[in-house]
Amino acid sequence: MAKASPRSFQPLSRDFYQRPTLEIALDLLGRYLIVDEGGKPVGGRIVEVEAYIGEDDPACHAHLGRTRRNEVMYGPPGRAYVYFTYGNHWMLNVVTEREGFPAAVLIRALEPSLGQETIRSRRNVKSERDLTNGPGKLTAALGINGHDNGADLRSSRLLITREIEAPKEIGKSGRVGVSAGSDLPWRFFDSASPCVSLYRLGTRASRRTPRTTQNSPVPGVPLKGRTGRGRK
DNA sequence: AGCATGATTTGCT
DNA sequence: GCAAATCATGCTC
């Protein structure tokens, strides 16, 4: 995965994105998310994603219908849905399914493989794994923000490659930060990657040695309450 | 290692 | 106002 120019990377076809969201989520693991920064590729291998599917999904931004904020999700597949949250974080999603049906895959973590000097200059952390192991971290590292909202992943500075280094084992769990007590297991990650996000995984998952073997890193622990600022 | 907090947008109540 | 698909920091044990 050492290529000189972003031009040498092939974008995924439009048909790739016009499929069931869960299928796409799994198929995105191991591919490379790349930002073309004036001819230089900055990005990395996708190792963690979450699916948000339709107005019936209570955790999906579209669950209460179309608004100015979420309208990109209602548009054609293969575009970036980028939104701002928690006061200072941008989240990158890939729009899926047919036009008119709001669904997307949130990119939650990368292995920072390209343009690491640029990434490091934007991230004030020491260890490599902390550079892009969270949805807000990776947008900061890659310089992705609201200007990229609606960008076509086939004809803008943003790209996801056909090239894939598929994970050997895919872990599944409930989605992070989704407050419903019984959330759908729509978070997927490369079990062997050290760069999977560890945010709020409770007391059992150590930040130094992420759970790399089996499925859910949070077995039986409801992902409830306590999102955002700690209340009380 | 665990918990609280500040950053301060968007959209619903 | 409040909660949300969050993160870095700082305090406490």
**Q** Taking A/Arg123 first and then A/Asp130, would you say they form a salt bridge - that is, a charged N and a carboxylate O separated by under 4.0 Å?
**A**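 Answer for the salt bridge query: no.
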**Q** Taking the side chain of A/Asn124 as its heavy atoms from C-beta onward, which of C/dT9, C/dT6, B/dG11 lies nearest to it?
**A**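 Nearest to the side chain of A/Asn124 among the choices is C/dT9.
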**Q** For A/Asp130 and C/dT6, give me the distance from atom CG to atom C1', rounded to whole Å.
**A**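 In whole Å, C/dT6 C1' and A/Asp130 CG are 14 Å from each other.
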**Q** Picking from B/dC12, B/dG11, C/dA8, which would you name as closest to the side chain of A/Val125?
**A**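 Minimum distance to the A/Val125 side chain belongs to C/dA8.
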**Q** Transitively linked via ILVMFWY side-chain contacts under 4.5 Å: A/Ile164 with A/Phe9?
**A**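 No, A/Ile164 does not connect to A/Phe9 through the hydrophobic network.
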**Q** Check every atom of C/dA5, B/dT9, C/dA8 against the side chain of A/Tyr52 and return the nucleotide holding the closest atom.
**A**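 The nucleotide sitting nearest to the side chain is C/dA5.
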**Q** Among the nucleotides B/dG11, C/dC7, C/dA5, which one has an atom lying closest to any side-chain atom of A/Tyr81?
**A**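 It is C/dA5.
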**Q** Whole-Å distance between C/dA8 P and A/Asn88 CG?
**A**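 Going from A/Asn88 (CG) to C/dA8 (P), I get 10 Å.
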**Q** Let me know the distance between CZ of A/Phe84 and C1' of C/dA3, rounded to the nearest Å.
**A**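 These atoms are roughly 16 Å apart.
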**Q** Round to a whole Å and report the spacing from CG of A/Leu92 to C1' of C/dC7.
**A**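 For the pair A/Leu92 CG and C/dC7 C1', the rounded distance is 17 Å.
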**Q** Classify the side chain of A/Tyr86 and the base of C/dA5 as holding, or not holding, a donor-acceptor pair under 3.5 Å.
**A**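 Absent.
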**Q** With the side chain of A/Met73 defined as its heavy atoms from C-beta on, choose the nearest nucleotide among C/dC7, C/dA5, B/dA7.
**A**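 For the A/Met73 side chain, the nearest candidate turns out to be C/dA5.
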**Q** To the nearest angstrom, how far is A/His63 atom NE2 from B/dG11 atom C1'?
**A**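 Nearest whole value for this atom pair: 10 Å.
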**Q** Rounded to whole angstroms, how far apart are CH2 on A/Trp90 and C1' on B/dT8?
**A**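 From A/Trp90 CH2 to B/dT8 C1': 13 Å.
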**Q** Side-chain N or O of A/Arg108 less than 4.0 angstrom from OP1 or OP2 on C/dT6?
**A**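 True: A/Arg108 side-chain N/O within range (under 4.0 Å) of C/dT6 OP1/OP2.
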**Q** In whole Å, what is the span from the NE2 atom of A/His61 to the C1' atom of B/dC12?
**A**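 Result: 13 Å.
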**Q** With a 4.5 Å cut-off on side-chain heavy-atom distances among I, L, V, M, F, W and Y, is there a chain of contacts connecting A/Tyr74 to A/Val105?
**A**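 No; tracing contacts between hydrophobic side chains, which count when under 4.5 Å, never links both residues.
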**Q** Please name the nucleotide paired to C/dA5 by Watson-Crick or G-U wobble geometry with both distances under 3.5 Å, or report none.
**A**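 Checking every strand shown, C/dA5 finds no partner, since no pair has both distances under 3.5 Å.
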**Q** Look at the side chain of A/Glu50 and the backbone N and O of A/Val176, then say whether any donor-acceptor pair between them is shorter than 3.5 Å.
**A**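 Present.
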**Q** Using the P atoms only, state how far C/dA5 lies from B/dG2, rounded to an integer number of Å.
**A**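 It works out to 24 Å between them.
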**Q** Check this for me: does any side-chain nitrogen of one of A/Arg122 and A/Glu37 sit under 4.0 Å from a carboxylate oxygen of the other?
**A**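 Yes.
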**Q** Now, which nucleotide makes the Watson-Crick or G-U wobble pair with B/dT13, with each of the two distances under 3.5 Å?
**A**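 B/dT13 is unpaired by these criteria.
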**Q** Counting the atoms with a prime plus P, OP1 and OP2 as sugar-phosphate, which does A/Thr67 contact under 4.0 Å by heavy atoms, base, sugar-phosphate, or nothing?
**A**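 Result for A/Thr67 = sugar-phosphate.
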**Q** So which nucleotide from B/dT10, C/dT6, C/dA8 ends up closest to the side chain of A/Arg123?
**A**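 That would be C/dA8.
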**Q** Looking across every strand, which nucleic acid part, if any, lies under 4.0 Å from A/Arg66 by heavy atom: base, sugar-phosphate, or nothing?
**A**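 No contact at all - A/Arg66 keeps every heavy atom at 4.0 Å or more from the nucleic acid.
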**Q** Just to be sure I understand the rule, does A/Asn93 reach a base, reach only the sugar-phosphate, or reach nothing, if contact means heavy atoms closer than 4.0 Å?
**A**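 Base, at least one base atom sits under 4.0 Å.
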**Q** Quick one: does any side-chain atom of A/Asn149 pair with a main-chain N or O of A/Gly146 as donor and acceptor, under 3.5 Å?
**A**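 A pair under 3.5 Å: no.
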**Q** How many whole angstroms separate atom CD1 of A/Ile144 from atom P of C/dC7?
**A**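 Taking CD1 of A/Ile144 and P of C/dC7, I get 14 Å after rounding.
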**Q** Tell me whether the OP1 or OP2 atom of B/dT10 has a side-chain N or O from A/Asn70 closer than 4.0 Å.
**A**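 So the side chain of A/Asn70 is outside the cut-off, no N or O lying under 4.0 Å from OP1 or OP2 of B/dT10.
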